[in-house]
Amino acid sequence: DGPFPLEGFLGKRVIVNKETEKKMIKSVNESDLKSMASGEAVTINRKNKTPIRVTKWHAPIALGSNYLPSFSKENSDALGRRIVPIHHGNVVKDRDTGLKAKLLKELPNITAKIVNSYHALRREIGEGDIMQHLPEQIKEWGGDIRSQTSKLHEFLSMEGGERLVN
């Protein structure tokens, strides 16, 4: 938080936030988030130190949430295109009260598998658009998110009369 939200990300191989707030872009600048998601250059301000310019962002970002993020109108389309959703549609019927401990124990392995898979795909496709190489189901979920975050999609899905502006 505060004026140095990216400082803690320096040198990380992956960034994980398990409970992303509804107002997702609270402390991180939306332009920085877009650049990070696209693997572009990002300037990181540091407390009482000279800012660092990371010429190519490499750390994948994983955000967990129970709802769609809310972006500013200017960035909703651009950020929506950069989200790779993983839908968890199963409803838990018999709660495992020891699951949290089990998952925490496995978290280093789970994180390593995700990071290694990302980097393996990146090596395989090079600098190409990673979105074109995702499984069809994930692309479909991404379309669902874009349809809910994109002002253009919202406009195009309106009936003819609704598009009229007074």
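- Across all non-hydrogen atoms, the minimal contact from S35 to A41 is CB-O, 3.5 Å.
- Between the CD1 atom of I44 and the CZ atom of R53 there is a distance of 10.0 Å, given to the nearest 0.5 Å.
- Hydrophobic clustering of Ile, Leu, Val, Met, Phe, Trp and Tyr side chains at less than 4.5 Å, counting indirect connections, keeps I15 apart from I110.
- Counting only heavy atoms from C-beta outward, the side chains of N109 and L107 never approach each other to under 4.5 Å.
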(request) Let me see the working for I61 and L33 under side-chain contact (heavy atoms from CB on, under 4.5 Å), right down to the final yes or no. (result) CA-CA 9 Å; I61 303 166; L33 187 59; 4.1 Å; yes

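- In this structure, CZ on R123 lies 11.5 Å from OH on Y118, to the nearest 0.5 angstrom.
- Atom CG of L10 is separated from atom CD1 of I52 by 5.0 Å, given to the nearest 0.5 angstrom.
- Of all heavy-atom pairs between F9 and M36, the closest is CD1-CE, 3.7 Å.
- The two residues R13 and P60 have their closest heavy-atom pair at O-CD, 3.1 Å.
- Of all heavy-atom pairs between E7 and N45, the closest is CB-O, 3.9 Å.
- Rounding to the nearest 0.5 Å gives a distance of 7.5 Å between CG of N116 and NE2 of H119.
- Counted within 6.0 Å of NZ on K113, heavy atoms from surrounding residues, nucleotides or ligands total 12 or fewer; the atom is thus considered open.
- Within the 4.5 Å cutoff, the side chain of V54 has no heavy atoms near those of the L6 side chain.
- Put simply, OG1 on T43 and CZ on R46 are 11.5 Å apart, with the number rounded to the nearest 0.5 Å.
- Taking CG from D32 and CD from E40, the interatomic distance works out to 11.0 Å, rounded to the nearest 0.5 Å.
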